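What follows is a single structure, written as C-alpha cells, with notes after it.
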Amino acid sequence: MVIVGYGMAGARLAEQVRARDPEGGRVALTVVGAEPWPAYNRVLLSGVLAGTMTAADIALHDPAWARGNRVRLRLGARAVRLDRAARTVRLADGASIGYDALVLATGSRPWLPPVEGLADDRGEPAEGVATLRDLDDCLRIVDQARPGVPVAVLGGGVLGVETALGLARRGAGVTLIHPADHLMERHLDRTAGMILAALCRAAGVRAVTGRAAVRYYPGEGVKLEDGAFVPAAVTVVTAGVRPETGLAADAGLAVDAGIVVDDRLRTADPLIHAIGDCARAGRAPQGLVQPAWEQAAVLADLLTGADGTARYRAGPVVTRLRAGDVDLTAFGETHLEADLTALGETHLESDSPRAEVLSYVDPARGTYAKLALADDRVIGAIVLGLPDAAATLTQLHDTGGPAPGDRPALLFGRALPQAVADDPARLPDSATVCRCNSVTKADLVRAARSVGGDLGALMGATRAATGCGDCLRTVRRLAERLEDDSGNTTEGTGT
Ligand SMILES: Cc1cc2nc3c(=O)[nH]c(=O)nc-3n(C[C@H](O)[C@H](O)[C@H](O)COP(=O)(O)OP(=O)(O)OC[C@H]3O[C@@H](n4cnc5c(N)ncnc54)[C@H](O)[C@@H]3O)c2cc1C
C-alpha cells in the first residue's frame, strides 16, 4: 500500500492500518510526504502562530515512529505522476514506487483571490504575501509579523479570524479585510458577525468588512475597492483552500471539487482511493479534520480486511473558534430568522420544516445565542461567549432528542444540567466528547476500565483531545472523576 500525503489524513491512515496489522504481515506500507518533517497536527498551527504552542508541541509522530511501525517513510518526497497501467507512483527525484493499493491524501492548498499583484507570473504568492497551510508558512509568518509590524489579513473566515487574533496577540498591527458584509458569513448571521468583529477590535484587530481588496503593492500594503489604503509590510491570505487534485486529474480520474470517491472512499479505479481534504465523498464536508479521520478509519478497515463492510457516512459538523476571549460555536441552520410580522406563527426563509428561532444578544459583553428548532428538535445554533449553552445545544443536535420546553434555560445552557462541562461524568453515554476523533463518553468510560483514569493514558487509548484540543478540559474532568471512582465507573448514570 502506498499513501501519498503525510498530513493529518495520511498519518492517521498509516496508524490505523498498523493498529489492525501491527506486524505488517498483511500490508507492506509506504508513505510519501512532500513536507520535510514527520506529521504534525495542522489544526494547531493557529496555536503556533499565536505563540501559545511550539512546533514540537504539535508533532503527531516522532522521527522514530515510522521505523518502529514498519512503515517505509519518504519525507520531502513529492509524487509527481501516477501510472495506473503500470501501478506506479513517480516521485520528483525520479524514483518510482509500485502499488497494489494507492491512497491519495494530498490535502488542499490555499487559494489566492484575483487581487491585482497578489500572485507572481507562476501564480505563486508575490513577495511579501504569505499563505498559511503548513509549518513552513507558519514559521515564516511568525518571523516576519513581529511586534509593531503592520499586517493585512485577507479573508475573514474561521482561519482569517484565528490568524488575525493570533498575530495581534504577538503584537503585530493587524487589519483584517473581508469583502462580505460581516465576518464568517457562511457560518454566522449578521448579528454574530458584527459581535465577532467587535471582539476582534477589542483584541487589537482592525476589522474592515464589506470592502474587497483590489490591488496589492509589495511591501507597502493593499488598496481597497473604495480607494482606501491599508499599509502592510506583510499580507497573509486566508481566502479559502482548493483540494489538491492534480495527480488524480492527470491520471484521468474524476475530479469535481475534490477527487470523486464512493462510500468506500474508492475512485473509479478500484486500486486508487482518496481521503481527507483532497477527496469528495458525496456531500461530506471538506476542509475539516473530523471527516478526514473518520475516512481514515473506514479505509483502514477496508484495506486491511478488518471489516469489509465498513462504509463512510458523513456526520454533522460543528464550527468552532477559540482564540483569546473569543469562544464561538456554530452548526446547522444558522441563517434562519424569526418572522416577527407573523407573531404566533414563525416563518422560515429556507425550505426547512417549520421552525422556531430564539435569540439572546448582549453586544456590550460580546455574548450571543441563537437557536433554531423544528418539530421540537435543535436544527442549528450560533453561540458566542456562552460555553455551557454551546455544550448543551451541540449535544441536543447530536442526539436529535426533543428539546426541553424551558426555552430560556435551553438558550443559556441550563436546561440540561448533565451537559455542563464542569461535571462531564453526568453526560449521557452517547454524548460525543471529542468531535475530531468521534469519541463518546461511553468510549472513555470503557477505555478507563482497561487503562485507568490517567489523562494521558485515556488520551492514548481513545485519542480524545488529540485533534483541535477543544475538549481537553472535559476529558480531563472526566478522567479525574473516573480516577476518583477508581473502577466504580459512571457508565449508566447519564440520562
Ligand atoms: C492553520 C489551520 C487551522 C485549521 N484549523 C482547523 C480546525 O480548527 N478544525 C478543523 O477541523 N480543521 C482545521 N483546519 C483544516 C485541517 O487542518 C485539514 O482539514 C486537515 O489537515 C486535512 O487533512 P489532510 O491530510 O487531508 O490534508 P493535510 O493535513 O494538508 O495533508 C496533506 C499532505 O499531503 C502533502 N502532499 C500534497 N501533495 C503531495 C504530493 N504530490 N506528494 C507528496 N505529498 C503531498 C502535503 O504536503 C501535506 O503534508 C485547519 C487548517 C489550517 C491550515
Side-chain angles (χ1 to χ4, degrees), residues 2-14 30-50 53 58 60 73-82 89-93 95 97 102-110 130-138 141 153 157-163 165-167 236-238 240-251 258-259 265 274-281 284-296 317-323 328-329 434-437 467-470:
V2 175
I3 302 174
V4 178
Y6 185 39
M8 296 194 75
R12 176 56 67 92
L13 176 63
T30 301
V31 179
V32 176
E35 294 185 67
W37 23 59
Y40 55 87
N41 188 335
R42 197 172 306 281
V43 168
L44 300 181
L45 280 179
S46 305
V48 178
L49 194 84
M53 288 179 178
I58 67 169
L60 288 173
L73 178 61
R74 306 280 302 255
L75 290 179
R78 180 168 289 280
V80 291
R81 190 163 175 272
L82 308 183
V89 181
R90 204 169 71 229
L91 306 186
D93 66 4
I97 307 175
L102 177 69
V103 182
L104 299 173
T106 46
S108 47
R109 75 189 121 83
T131 53
L132 176 57
R133 182 67 196 176
D134 59 30
L135 188 53
D136 252 345
D137 297 335
C138 186
I141 294 170
V153 176
V158 187
L159 185 59
V161 174
E162 255 180 25
T163 300
L165 289 170
L167 292 177
V236 184
V237 180
T238 51
V241 293
R242 296 290 178 268
E244 192 67 76
T245 56
L247 285 174
D250 291 348
I259 303 166
L265 290 322
I275 57 171
D277 278 11
C278 70
R280 210 201 89 201
Q286 289 168 287
L288 295 170
V289 69
Q290 180 191 339
W293 281 355
E294 286 168 355
Q295 291 166 6
V317 292
V318 174
T319 300
R320 277 187 287 197
L321 175 65
R322 307 269 185 277
L328 168 68
T329 299
C434 171
R435 303 198 75 81
C436 295
N437 286 290
C468 71
D470 265 357

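Keep in mind the model is a prediction, meaning the values are calculated, not measured. Atoms within each ligand, like the ligands themselves, are counted from 1 in listed order.
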Worksheet, complete the sentence: Interatomic distance, SG@C278 vs CZ@R109, rounded to 0.5 Å, equals 11.5 Å
Response to the item:
Atoms of ligand 1 under 4.0 Å from any heavy atom of G287, numbered from 1 in the order shown, are 12 (N), 15 (C), 19 (O)
Worksheet item: Near A9, which atoms of ligand 1 are under 4.0 Å from a heavy atom of that residue?
Response: 23 (O), 24 (P), 25 (O), 26 (O)
Worksheet item: So between R133, R109, Q290, M8, whose heavy atom ends up nearest atom 30 (O) of ligand 1?
Response: R133
Practice prompt. Identify, for atom 37 (C) of ligand 1, the protein heavy atom at the shortest distance, and state residue, atom and that distance.
Written response: T106 O, 3.2 Å
Worksheet item: Just which atoms of ligand 1 are under 4.0 Å from any heavy atom in A105?
Response: 32 (C), 33 (C), 34 (O)
Worksheet, complete the sentence: The protein heavy atom nearest to atom 35 (C) of ligand 1 is G5 CA, 3.9 Å
Worksheet item: So, is C278 polar-close to ligand 1, with some N/O to N/O distance under 3.5 Å?
Response: no
Worksheet item: Under the 3.5 angstrom rule, does the side chain of R322 hit a backbone N or O of L328 as a donor-acceptor pair?
Response: yes
Practice prompt. Please state which part of L247 comes within less than 4.0 Å of ligand 1, counting heavy atoms only: side chain, backbone, both or neither.
Written response: side chain
Worksheet, complete the sentence: If we number the atoms of ligand 1 from 1 as shown, the ones under 4.0 Å from a heavy atom of S46 are 1 (C), 3 (C)
Worksheet item: Can you tell me the protein heavy atom closest to atom 49 (O) of ligand 1 and the distance?
Response: E35 OE2, 2.6 Å
Worksheet entry | Proximity to ligand 1 by part of L159, non-hydrogen separation under 4.0 Å | side chain
Worksheet item: Quick one: are R133 and R42 in side-chain contact, heavy atoms under 4.5 Å?
Response: yes
Discussion item. So if I count the atoms of ligand 1 from 1 in the order they appear, which ones are less than 4.0 Å from some heavy atom of V32?
Written reply: 43 (C), 44 (N)
Discussion item. Going by side-chain contact (heavy atoms from CB on, under 4.5 Å), V89 matches just one of T30, L102, V80. Which one?
Written reply: L102
Worksheet item: When you measure from atom 19 (O) of ligand 1 to every protein heavy atom, which one gives the shortest distance, and what is it?
Response: D277 OD1, 2.9 Å
Worksheet item: Can you check whether C138 reaches L132 side chain to side chain, under 4.5 Å on heavy atoms?
Response: yes
Discussion item. I need the minimum non-hydrogen distance between P285 and L288, along with the two atoms involved.
Written reply: CB-CD1, 4.3 Å
Worksheet item: Considering distance alone, does some N or O of L288 sit under 3.5 Å from an N or O of ligand 1?
Response: yes
Discussion item. Under 4.0 Å from a heavy atom of G276: which atoms of ligand 1 are those, numbered in the order shown and with their elements?
Written reply: 26 (O)
Worksheet item: Of all the non-hydrogen atoms in the protein, which one sits nearest to atom 50 (C) of ligand 1, and at what distance?
Response: V43 CA, 4.2 Å
Discussion item. Restricting to non-hydrogen atoms, name the atom on L44 and the atom on M53 that form the minimum distance, rounded to 0.1 Å.
Written reply: CB-SD, 3.9 Å
Item to complete: Please report which non-hydrogen protein atom sits nearest to atom 29 (O) of ligand 1, along with the residue it belongs to and the distance in Å to one decimal place.
Response: R42 NE, 2.7 Å
Worksheet entry | Backbone of G467 reached by a side-chain donor or acceptor of N41 within 3.5 Å | yes
Worksheet item: Do Y6 and E35 come within less than 4.5 Å of each other through their side chains, counting heavy atoms only?
Response: no
Item to complete: Answer yes or no: is there a side-chain heavy-atom contact under 4.5 Å between L49 and L167?
Response: yes
Worksheet entry | Closest heavy-atom pair and its distance - A39, G7 | CB-O, 4.4 Å
Item to complete: Could you find the nearest protein heavy atom to atom 27 (O) of ligand 1 and give me its residue, atom name and distance?
Response: G107 CA, 3.2 Å
Fill in: Minimum side-chain heavy-atom gap R12-N437 below 4.5 Å
yes
Worksheet item: At a non-hydrogen distance cut-off of under 4.0 Å, which region of A34 contacts ligand 1 (side chain, backbone, both, or neither)?
Response: both
Response to the item:
Numbered in order shown, the ligand 1 atoms found under 4.0 Å of a heavy atom of V4 are 40 (C), 42 (N), 43 (C)
Worksheet item: Of all the heavy atoms in A77, does at least one lie under 4.0 Å from an atom in ligand 1?
Response: yes
Discussion item. Which residue and atom name correspond to the protein heavy atom nearest atom 41 (N) of ligand 1, and how close is it?
Written reply: A79 O, 3.0 Å
Worksheet item: Is there side-chain contact between P243 and Q286, with heavy atoms separated by less than 4.5 Å?
Response: yes
